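Since this is a predicted model, take the numbers as computed values, not measurements. No hydrogens, no waters, no symmetry mates; every other heavy atom, side chains included, goes into these values. First the proteins, then the strands, lettered A, B, ... as listed; each starts at 1.
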Number of protein chains: 2
Amino acid sequence: MSAEKENTEEKILEAAKEVFIEKGNDGTRMQEIADKAGINKSLLHYYYRSKEKLFGAVFKFAFTHFAPNIINIITDNNDDFFTLIRKFVSLYIDIVMKNPFIPMFILGEVNKKGPSTFVNVIKSAGINPQAFRDRIQKEIDSGNIKPIDPNQLLINTIGMCIFPIIGRPIIQVVLFDDNKLEYIKFLESRKKEVAEFVINSIKK
Amino acid sequence: MSAEKENTEEKILEAAKEVFIEKGNDGTRMQEIADKAGINKSLLHYYYRSKEKLFGAVFKFAFTHFAPNIINIITDNNDDFFTLIRKFVSLYIDIVMKNPFIPMFILGEVNKKGPSTFVNVIKSAGINPQAFRDRIQKEIDSGNIKPIDPNQLLINTIGMCIFPIIGRPIIQVVLFDDNKLEYIKFLESRKKEVAEFVINSIKK
DNA sequence: GTCTATACGGTGATAGAC
DNA sequence: GTCTATCACCGTATAGAC
């Protein structure tokens with residue numbers, strides 16, 4: 001997917017992303033990363049001193065490329081609020097559909113190690129919930145939507161976007177008799193369904 | 001929490017639940033389970049032949065004690081639909097609050113191994129989404145609620161209940177400045193907030 | 001920078017005494 | 001049933017040649 005003649009360090013990181021994100025820290029073997037990068041195992045330690053450091057690089061990538069894109073849709077946005085919600089939901093579901101393992105990876109690792117290990121990454125990711133809260137409050141004050149706790153609205157919306165992705169194996173089996181196409185169709189239609197669900201709930 | 005003089009097999013399973021559910025299959029060491037059970041490592045293999053088998057017992061427990069309780073609230077229920085939703089959401093959030101690691105455990109493992117490994121457990125868990133779909137359809141046909149795809153409504157509702165639990169480390173840091181009490185309060189109020197959010201969205 | 005060889009501590013699993 | 005001792009293997013990490 002990237003350039004053919006990338007340097008070794010980059011090749012390692014790309015391979016590490018694939019393995020770590022799919023298998024998690026505990027499930028990842030340095031040997032597998034080396035194989036996938038087409039280099040020797042000890043080269044991993046030459047570029048990244050330890051497994052932990054390599055993992056850290058992968059986690060940082062995963063988190064910073066996911067969290068901020070979401071919230072930043074909101075900041076500096078001139079759409080009316082319902083249009084904003086439709087764009088947000090559609091874009092977010094699209095992102096997680098294209099990177100289905102990343103949410104599970106982030107949530108799994110953060111739950112295992114606790115936020116303390118990642119608090120630097122999390123804080124430096126540029127997430128600014130206040131901008132979101134402010135926008136909601138403005139809409140409420142203007143009488144455009146029903147009163148609601150902005151945090152609740154945010155978690156509701158993100159939860160509805162992410163859960164069907166991380167719950168895929170169960171959802172596909174239980175709801176769609178393990179039919180992959182039915183599941184994909186279901187997910188695709190959520191881009192509109194979730195937005196309308198949210199809008200219906202808060203509109204006056 | 002259980003009887004003092006439980007037999008060894010039971011002690012092992014209890015210890016295994018704690019470790020597996022908190023650390024996942026890859027992160028679990030047989031030694032840790034033995035220590036927690038207060039017995040020797042080789043006794044684990046005497047009662048459960050392998051780590052895989054022991055894991056299987058834990059997963060089966062976790063899944064069967066979680067999934068069905070949810071859906072069965074719906075079956076054979078005589079409440080009006082909005083009361084049903086309020087009960088469902090409140091009970092479900094209460095369950096996951098009391099067992100916060102189980103959703104992450106189930107989702108993590110199912111995503112890692114794929115549903116094929118657990119398809120027996122999943123299918124034998126007694127989940128019956130059709131009963132739920134039928135109930136929704138009845139409400140729509142009766143004109144009590146707006147038309148909506150029952151699957152979408154189900155995933156929306158469950159997603160809003162589970163996501164704040166598995167996303168806790170991030171949510172607590174980003175939204176509540178790592179204030180534990182604020183997070184708990186937020187979760188507690190969701191028992192009502194989520195139900196009203198759903199009801200607002202589907203009521204006519 | 002990249003390789004081979006190896007150290008060193010675990011890890012699941014088994015054998016065998018009691 | 002429960003223990004100790006031990007096995008065969010695998011994991012990360014390092015040393016050192018080229």
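- DNA chain C is contacted by no residue of residues 53-63 of chain A, taking any non-hydrogen atom closer than 4.0 Å.
- Of the residues in residues 33-48 of chain A, those lying under 4.0 Å from DNA chain D by heavy-atom distance are A:K41, A:S42, A:H45.
- Inspection of the A:N111 and B:R168 side chains reveals no N or O donor paired with an N or O acceptor under 3.5 Å.
- Following rounding to the nearest Å, A:Q31 (CD) and D:dG11 (P) show an atom-to-atom distance of 8 Å.
- In 5' to 3' order, the nucleotides of DNA chain C bounding all contacts with chain A (an atom under 4.0 Å from a heavy atom) are C:dG1 to C:dT4.
- Between A:K51 atom NZ and D:dC10 atom P the separation is 16 Å, expressed in whole Å.
- Listed by first then second residue, pairs satisfying ring pair (Phe, Tyr, Trp, His ring centres under 6.0 Å) with a partner in residues 24-44 of chain A number zero, not counting sequence neighbours.
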Please walk me through it: do B:E14 and B:K17 pass salt bridge (Lys or Arg N to Asp or Glu O under 4.0 Å)?
CA-CA 5 Å; B:E14 287 306 311; B:K17 282 180 195 170; 3.0 Å; yes

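- Rounding to the nearest 0.5 Å places OG1 of B:T157 at 7.5 Å from CD1 of B:I202.
- Residue pairs meeting the ring pair (Phe, Tyr, Trp, His ring centres under 6.0 Å) criterion with at least one member in residues 24-48 of chain B, sequence neighbours excluded, do not occur.
- Minimum heavy-atom separation, A:V89 to A:A195: CG1-N, 4.0 Å.
- What separates CG of A:N25 from C1' of D:dG11 is a distance of 13 Å, to the nearest Å.
- Between the side chains of B:D134 and B:Q130, a donor-acceptor pair is found at a separation under 3.5 Å.
- With contacts defined as side-chain heavy-atom distances shorter than 4.5 Å, the pair A:N156/B:R190 qualifies.
- The salt bridge (Lys or Arg N to Asp or Glu O under 4.0 Å) check on B:E139 picks up B:R135, with sequence neighbours excluded.
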Decide side chain to side chain contact (heavy atoms under 4.5 Å, CB included) for B:V119 and A:D178; before the verdict, give the C-alpha distance in whole Å, the side-chain angles of both, and the deciding distance to 0.1 Å.
CA-CA 10 Å; B:V119 73; A:D178 212 10; 5.8 Å; no

